[in-house]
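A short worksheet on the structure shown next.
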Amino acid sequence: MTTAAPPTTTVPTDARITVPRVVRSEWIKFRSLRSSLIMLAATVVVFAALGLGFSTFLADATIEPGTPAPPGGPSSLDPLGASLGGVNLAQLLVGTLGVLLAAGEYGTGMIRSSLAAVPTRWPVLAGKVVVLAGVVLAVLVPTTLLTFLGGQAILGDQGISLSDDGVLRAVLGTAGYLAAVGVLGAALGSLLRTTAGALTSVVALLLVVPGVVSLLPESWSERISPYLPSNAGQAFMSVGGSGDLLSPGAGAAVLAAWLVVLFGAALVLLRRRDA
Amino acid sequence: MIEAHDLSKRYGDKLAVDALTFTVRPGVVTGFLGPNGAGKSTTMRMILGLDAPTAGTVRVNGRRYVEHRDPLRQVGALLEAKAVHTGRSARNHLLAVAATHGLGRRRVDEVIDLVGLREVAGRRAGGFSLGMGQRLGIAGALLGDPAVVMLDEPVNGLDPDGIRWIRGLLRGLAAEGRTVFVSSHLMSEMAQTAEHLIVVGRGRLIADVSLAEFTRRASRGTVRVRSPQATALRDLLAGPDVTITGGEPGVLDVSGLRPEAIGDRAAAAGLTLHELTPTEASLEEAFMTMTRDAVEYVGATEGADR
Ligand SMILES: Nc1ncnc2c1ncn2[C@@H]1O[C@H](COP(=O)(O)OP(=O)(O)OP(=O)(O)O)[C@@H](O)[C@H]1O
Ligand SMILES: [Mg+2]
């Protein structure tokens, strides 16, 4: 028979909750789940492969202005848009990553361990978002930069330079946009508590709603469309602008507002609801 | 120390916990008993602040759980439903929980050894058997070396060896002066572990008694007596209110006499006893009668109130 009780213990008397400790706990959770690592790797691979692929497509063909982009492709077939064109698919992967991190705790019951350890609750969700945003930025800033440079190398003479007006902002903005979509997924995962429901909402918010809005009468869609998360992001992920989009600064502000509202709602409900 | 005062929880129109008031004291194992759906798990979730009470309060070591800055050092809990991400290894799960209080690998390895999971600590918790899952949950409960240990049906899925281990662990923890609060719907299990019992039925408090007192009430049932001089003993114990049935040779099932009375009389007559047991069935029956009565009682008063 095993001995009854712990003979010695290494629990110090200052063992208590601090916010940095909760962030560390969330980092351990993040790195110890295969699904998070797979989604993160898939985001990088898809983003880079598509960006380089679209750049090759643009370099090879003599594209007439107004040629439709390949399926799932960039919204504009120019050197910048092509090299960053992987963002459309990558956003779904990184959104899934956020959903899995948050809703996965509800699906498995882990949330009860998390909230019993940190009964004030908010540091758990805040820590999760800090870790998620931090990891996504740390991985995707280099990914977007290298993919952009690789794309321009493929394009050769047609390519543009990172020092051209607004290009660096668009490239880094793409990494920022993907981090924002990850956080959005985590907020929806925490709000809806089921992976399936939250994934559906992410897809709806990023793809379906913009499609539906574009079918509305033009006077309506013109007013709504720029404020949707994907188009607000597009405003700072492109250069030169287009009449349909907000200015880069306004786009960033609108996307931030989406995050604040969804994350705020997730925090409030996390506090109020039974676990 | 756990102090519940008028604690209630309503889910829709289901009153899961109904004005429970009780105190769980340090130094003994307190059993939390009740049939399925009595509200044991709900009460435990409210103690941890996972579910908010509809009414009433519950304090742990003098404060609401959420007010503690070191909750894992105050209460260690094993919850009924597995509270572990299936995709994470046992060790990483414990490391993540421990990290919230600044505890590290050393403490995690200690509790892993304590529950005997060392060999499988690197494996995904999703692949664990029920018993291994319970051990992991218990490891999590002990992480913070807590003053209160609260376990919801810890023997679920454990093999006989594991059950014996749990009993020893619980008694040891209580002997160290901790508050130990353990739920079960099996009286027989609690009879072997707990010193004090809190019995609930349909969310209401039915009894808050020591095990000794409960056994005394229950043992009006049958006492199993084994003696090499069974025939002489049968004659000695016979009386108007006493029924004696004999199954196997040398064994008497006596009802109408308390075990103390049987033992005293046998000793006075110089008869040897090899066994003197208030039968488990009688404890279990007493428990069932008690909770059944409560259920009927609740039904009757509810009807009368309207
Ligand atoms: N989250 C919930 N939503 C709705 N009803 C609930 C919820 N949790 C518990 N209940 C109901 O409350 C009652 C008490 O349930 P609880 O799980 O606390 O009982 P228990 O004593 O732990 O039972 P068991 O011995 O089966 O584990 C049950 O009728 C149950 O159906
Ligand atoms: Mg239960």
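The basis for the numbers below is simple: all heavy atoms, side chains too, and nothing from hydrogens, waters or symmetry mates. Model, not experiment: these values are computed from the prediction. Proteins get letters first, then strands, A, B, ... in listed order; numbering begins at 1 in each.
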Side-chain donor or acceptor of [X] paired with backbone N/O of [Y] under 3.5 Å:
{"X": "A:S113", "Y": "B:V84", "answer": "no"}
{"X": "A:D274", "Y": "B:A52", "answer": "yes"}
{"X": "B:R73", "Y": "A:T13", "answer": "yes"}

Shortest non-hydrogen contact from [X] toward [Y]:
{"X": "B:V66", "Y": "A:P119", "value": "CG2-O, 3.5 Å"}
{"X": "A:K29", "Y": "B:A96", "value": "CG-CB, 3.7 Å"}
{"X": "B:G49", "Y": "A:R121", "value": "O-NH2, 3.0 Å"}
{"X": "A:T108", "Y": "B:H85", "value": "OG1-CA, 3.6 Å"}
{"X": "B:P71", "Y": "A:A116", "value": "CB-O, 4.0 Å"}

Hey, what do you get for [atom1] ([X]) to [atom2] ([Y]), rounding to the nearest 0.5 Å?
{"X": "B:T100", "Y": "A:R24", "atom1": "OG1", "atom2": "CZ", "answer": "11.0 Å"}
{"X": "A:M110", "Y": "B:K82", "atom1": "CE", "atom2": "NZ", "answer": "14.0 Å"}
{"X": "B:R45", "Y": "A:R112", "atom1": "CZ", "atom2": "CZ", "answer": "7.0 Å"}
{"X": "B:R69", "Y": "A:I17", "atom1": "CZ", "atom2": "CD1", "answer": "8.5 Å"}
{"X": "A:R31", "Y": "B:L95", "atom1": "CZ", "atom2": "CG", "answer": "7.5 Å"}

Engaged part of [X] at the chain A interface, taking heavy atoms whose separation is under 4.5 Å:
{"X": "B:R124", "value": "side chain"}
{"X": "B:I166", "value": "neither"}
{"X": "B:L50", "value": "both"}

TODO: Kindly check if the number of other-residue, nucleotide or ligand heavy atoms within 6.0 Å of CZ (B:R25) is above 12?
DONE: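 Atom CZ in B:R25 is not packed in, count stays at 12 or less.
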
Open item on the list: So B:L103 and A:P12, do their side chains get closer than 4.5 Å, heavy atoms only?
Closed with: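 A:P12 vs B:L103: side chains touch.
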
Task: Pairs of heavy atoms under 4.5 Å with chain A: top-ranked of B:A175, B:G140, B:A98, B:G144 - done: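 So the answer, after comparing B:A175, B:G140, B:A98, B:G144, is B:G144.
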
